[in-house]
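All values below come from the heavy atoms of this structure, side chains included, with hydrogens, waters and symmetry mates left out.
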Amino acid sequence: MEQEGVGRLPRPSDLSPPLIHFLNDQFRTRDDLSRFPNVELELRKRCSHLETALYDLTSRLSESFAVYAAHSNDVGALVGGVREVLFDLRSCEGVSPRDGEEGEETERSQQILGKELPALARGVARVETVRAYAETALKLDSLVGDVEDAVSSSVIGKLKSPRGANSEETHLVAISSLKQIEDILTSITKARPQWSRLVSAVDHRIDQALAILRPQAIADHRSLLSSLGWPPPLAGSSLSGKNTGKSPEFSNPLLTMEGELKGKYCVSFLSLCHLQELQIRRKARQLEGYNIVIELHQPLWVIEELVTPISLATQPHFSKWLDKPEFIFALIFKITRDYVDSMDDILQPWVDKARLVGYSCREEWISAMVASLSTYLAKEIFPKYTEHIESDSLRSSWLQLIDLMISFDKRMQSLLANSGLLISLSEADNKRSISALSVFCDCPDWLDIWVEIEREEMLEKLKSAIQIEKNWKTKLQGTILMSGSQDYKSPAVSSIFLKCLSLLIDRARSLPSISLRYKFLKLTGSPIIQDFSDCLLRRCQESEGLTALADDNAMINVSYSINAARYCESTLTEWCEDIFFLEIETAEGSGIFDEEIKGMKDFQDEWSEKISTVILRGFDARCRDYLKNKKQWQEKSDESRVGLKAFVAALDYLQEKISKLEGELNAIDFTRTWRRVASGVDQLVFNGVIASNTKFSDAGVQRFVSDIDILFGVFSAWCLRPGGFFPRLSEGTRLLRMEEMQLKHELVKGKDKWLQENGIRHLTLLEAEKIGKNRVFVIKNNNNISSNPCPDFKPKLIGSHQYVVFGKCLSLSIGMIENLCSLMFCILVMFLLFLFLSTLPSSYAAFGVGGLRFVQLLNGVDDMAYQNNMKVGRNFGYEDTLE
């Protein structure tokens, strides 16, 4: 019976399913029975390990219970003390005190309420904190133990059976425990920051577990990918197919997997996603509270596992195409395009199921393929191209490679843009992750080489265009910017320069980071702009050195340079308002081309001022006799006016120069130039005639006023009210025409106030008094007044305009009568208009605003011309003169 009991085996129904599975794995055939001693030895070792682990767990549990019991005793003692204190308090309140003991009991109650109760509350809170700490520590210890058991079980299972069937389930159990641990640690970090040592201890043990768990999960995932047939053969992505669509031999293992294999891959996929999500959460928690900006977005692990074997399979092909890099870019693009749709259709729902927020499988697939290409370029292609960079052939190959990279990036961006999905990354990070040009981020020396090649290439093109004189003589047709309708009359060379600069800006747009774009444009664009500005300056200096700008051809050449500078400066200013340049300016703190634009503005101001100075110098030389002849303003006849011809010749010269300048110079600089000329002429004639102690008789005043009217007539071709641009002459002639009482008596009494009341704002009191002293008044006999108010009325032609030179007896009275009639007519019209408006309903009252404009139209003043002229006058400070 004893022998029968010893040899009796349990029935199969009494065995647990794991034990049955274990026996089936170990003893598949009769030959496996010979391995029984080894299996028994292994089981005994495992049991020994489990018993040791159980003993350690029991010891730790006993210690925890002992600590808990000690804390419970302390809590019990404190609660007992609270009970006694409350009893004493109740007794104090319930029993009426005696007369002698009233003060002592009151003092006792105050002591209890003020000192003992707060101390007791603090003690209870401290005990509660200890209890919560103990419970949290026990729970975390249990969860961490589950993770460590799952990890050790997985390791043992791998050692025993490399193709264990339960590894995925074990990983999921460990990941579930890890998520619970992370939730607890997150709550501790927010609610109990003083428990930092507990959090640190748990993180240390979790790091050790993850160091084993993640490699195991990745190894299992790679094994499943291999069983799926990944990577697919590259023949399916050969370059022999069409440029669009998939090749006939194309096969996608992600689309063909099914059944149990698909289920295993899905579980492994989710495990890796959960692990990555957990790591992101842990990293965010550990960095919380620190002023450290670290990019938490990492490449998707499951996508990296798909790309890595493809990258290894393509490298043998790449090594054959080092001299033909276009094949490398074409192959990578075709592989990326062939499998990008399956990322959306198959893998993206699994990523969403894993709640991995902020990830797009399509984007991650494209980014990972570009990253693999960038890595290969950095290791194999660029080192070869930088060995003999002095060679012209290598320089052209370098530029060809850059063109291929830019084209490749645009095609990859189009794949991403056509998905219809929102980009998970920011624009800057996304541009860097999906750009082959990101190799320059890690190797700035290569960027310096590229910058040097591009700069020399563009300077050579610009130099050849500058040397062609035809490019300076030919004006661009339709050089009108988006910001306005101004025609800059720019030469063709400026368009060539801007095209070269635009090509560089387009290349800079392809760079993945703002710092690289800034550096590229600063090292390429700025030298090219400076070189073009130096060329404009040299041409102007050559023209000035030959003829001092007195020759018309020299002035025209300078005008061409000014036009080119104005057009380029306006174009650059408009470009710098683009969001591309504004982002760079915000990030770097300064504009890229600010100094160059300022240099072009200074160039325009300098040489337009030189042109006006040359014109004024010629005017001064021609009217010198006119200015020196001071007797002509005291004579009664025109016989002594020998300087009038010189003045007419000077005006003819002035009109000719400004007219030629108008046809060659752009409108902005032309307006500034003729206004400078007008200001210079105003100062020159005023100082030479009025302010030079010249005595003026009545006839002399009439002559001088008629001469000034001719001067105003010259400039009437470029403005409606030229008197506003000659403020000193206008106010000087106004003072000369005043009566003796006003000029010599009222001026002395009123002084500055009198000047303001009479609209004299551009002359000082000293100058006005000097004009009054030089004015000679003669008592007139009314009987000797000629019946003919204008005996010497003669028309005279000056250039293409007909101007009237008045004689010694200018009909001033006729003009005053005409002005008085016009004023009375305007008052009458306004009065009738107001009467008419008073009879209308209130809704028509707004029509009265146009009353003044109606009167102006009756007087023949164009509304637009009036507004423009008033605006010009205000810009130059002549608003009072214009009014």
Side-chain angles (χ1 to χ4, degrees), residues 399 402-403 450-484 486-510 517-543 556-578 580-581 584 591-608 664-669:
L399 294 179
I402 297 297
D403 292 337
W450 178 25
V451 164
E452 181 182 357
I453 296 174
E454 289 284 359
R455 183 175 60 244
E456 292 179 359
E457 186 80 9
M458 291 301 173
L459 287 175
E460 189 65 27
K461 291 182 180 179
L462 186 61
K463 182 179 179 181
S464 60
I466 288 174
Q467 292 176 350
I468 301 175
E469 192 64 26
K470 183 180 178 181
N471 292 333
W472 293 95
K473 302 299 182 183
T474 305
K475 294 183 180 179
L476 293 176
Q477 299 296 328
T479 54
I480 299 176
L481 298 181
M482 298 285 291
S483 57
Q486 179 64 48
D487 187 1
Y488 291 92
K489 301 178 182 178
S490 178
V493 70
S494 60
S495 177
I496 299 174
F497 160 73
L498 290 175
K499 286 180 180 179
C500 294
L501 192 60
S502 177
L503 290 176
L504 294 177
I505 294 175
D506 291 339
R507 286 184 174 273
R509 292 179 187 273
S510 304
R517 299 171 201 164
Y518 179 82
K519 182 178 180 181
F520 181 85
L521 289 176
K522 201 67 178 176
L523 295 178
T524 57
S526 296
I528 291 176
I529 298 175
Q530 189 61 45
D531 185 80
F532 185 69
S533 300
D534 293 342
C535 176
L536 296 178
L537 180 61
R538 286 194 303 270
R539 290 182 63 87
C540 291
Q541 290 175 344
E542 290 174 0
S543 300
I556 290 173
N557 290 334
V558 173
S559 300
Y560 289 160
S561 298
I562 294 176
N563 293 343
R566 170 67 63 180
Y567 178 55
C568 295
E569 176 258 322
S570 301
T571 306
L572 289 176
T573 302
E574 186 171 314
W575 285 356
C576 290
E577 295 174 356
D578 185 72
F580 171 75
F581 286 94
I584 297 177
I592 300 177
F593 302 138
D594 288 350
E595 296 181 2
E596 289 74 15
I597 292 175
K598 183 178 181 300
M600 286 190 172
K601 289 181 178 179
D602 294 340
F603 171 82
Q604 299 161 32
D605 294 339
E606 177 185 358
W607 287 95
S608 60
E664 302 298 337
L665 196 60
N666 66 85
I668 298 176
D669 291 298

Student: Once salt bridge (Lys or Arg N to Asp or Glu O under 4.0 Å) is applied, do any residues pair with Asp594, and if so which ones, sequence neighbours excluded?
Tutor: none

Student: Does a side-chain heavy-atom distance below 4.5 Å link Glu469 with Val493?
Tutor: no

Student: Quick check for you: to the nearest 0.5 Å, what is the distance between Ser502 atom OG and Phe497 atom CZ?
Tutor: 11.0 Å

Student: Of all the heavy-atom pairs spanning Asn471 and Ala465, show the shortest one and how long it is.
Tutor: ND2-O, 2.8 Å

Student: Got Ser533 and Phe603 here, is their nearest side-chain heavy-atom distance under 4.5 Å?
Tutor: no

Student: Shortest non-hydrogen contact from Ala564 to Ser490?
Tutor: CA-OG, 3.8 Å

Student: Between Asn666 and Lys489 (side chain of the first, backbone of the second, donor and acceptor by atom type, cut-off under 3.5 Å), is there such a pair?
Tutor: no

Student: Between Ile505 and Phe581, is any pair of side-chain heavy atoms under 4.5 Å apart?
Tutor: yes

Student: Looking at residues at least two apart in the chain, or sitting in another chain, which of them share a side chain to side chain donor-acceptor pair (under 3.5 Å) with Glu595?
Tutor: none

Student: Could you list the residues that satisfy side chain to side chain donor-acceptor pair (under 3.5 Å) with Glu542, not counting sequence neighbours?
Tutor: none

Student: Show your working on side-chain contact (heavy atoms from CB on, under 4.5 Å) between Glu454 and Leu399 and close with a plain yes or no.
Tutor: CA-CA 8 Å; Glu454 289 284 359; Leu399 294 179; 3.4 Å; yes

Student: Is it the case that atom NZ in Lys473 sees more than 12 heavy atoms from other parts of the structure closer than 6.0 Å?
Tutor: yes

Student: Please round to the nearest 0.5 Å and tell me the distance separating atom CG of Leu523 and atom OH of Tyr518.
Tutor: 9.5 Å

Student: Show the numbers, then the answer: is there a side-chain contact (heavy atoms from CB on, under 4.5 Å) between Trp575 and Leu498?
Tutor: CA-CA 11 Å; Trp575 285 356; Leu498 290 175; 4.1 Å; yes

Student: Between Leu536 and Trp607, is any pair of side-chain heavy atoms under 4.5 Å apart?
Tutor: no

Student: Could you tell me which non-hydrogen atom of Phe520 sits nearest to which non-hydrogen atom of Leu504, and how far apart they are?
Tutor: CE2-O, 3.4 Å

Student: Counting N and O atoms only, with roles assigned by atom type, does the side chain of Ser495 sit under 3.5 Å from a partner on the main chain of Ala492, one being a donor and the other an acceptor?
Tutor: no

Student: Quick one: are Leu501 and Leu572 in side-chain contact, heavy atoms under 4.5 Å?
Tutor: yes

Student: Mind checking the CG-CZ spacing from Asp531 to Arg455? Nearest 0.5 Å is all I need.
Tutor: 11.0 Å

Student: How far apart are the closest heavy atoms of Ile584 and Arg517, and which atoms are they?
Tutor: CD1-CB, 4.0 Å

Student: List the atom of Ile466, the atom of Phe532, and the distance in Å for their closest heavy-atom pair.
Tutor: CD1-CD1, 4.3 Å

Student: Return the CD to SG distance between Glu596 and Cys576, rounded to the nearest 0.5 Å.
Tutor: 9.5 Å

Student: Can you list the residues that meet the side-chain contact (heavy atoms from CB on, under 4.5 Å) rule with Lys461, with sequence neighbours excluded?
Tutor: Glu457, Met458, Cys500

Student: Which value, rounded to the nearest 0.5 Å, describes the distance between Gln541 atom CD and Asp534 atom CG?
Tutor: 9.5 Å

Student: Using the side-chain contact (heavy atoms from CB on, under 4.5 Å) criterion, which residues pair with Ser464? Sequence neighbours excluded.
Tutor: none

Student: Could you check whether any side-chain heavy atom of Thr573 comes within less than 4.5 Å of a side-chain heavy atom of Glu569, counting everything from C-beta outward?
Tutor: yes

Student: Does NZ or CZ of Arg509 come closer than 6.0 Å to the centre of the six-membered ring of Phe580, within 45° of the ring's axis?
Tutor: yes

Student: Using side-chain contact (heavy atoms from CB on, under 4.5 Å) as the criterion, list what pairs up with Glu460, not counting sequence neighbours.
Tutor: none

Student: Just how far is it from atom CE of Met600 to atom OG1 of Thr571, taken to the nearest 0.5 Å?
Tutor: 9.5 Å

Student: Quick one: does Ser543's side chain get under 4.5 Å of Arg539's, heavy atoms only?
Tutor: no

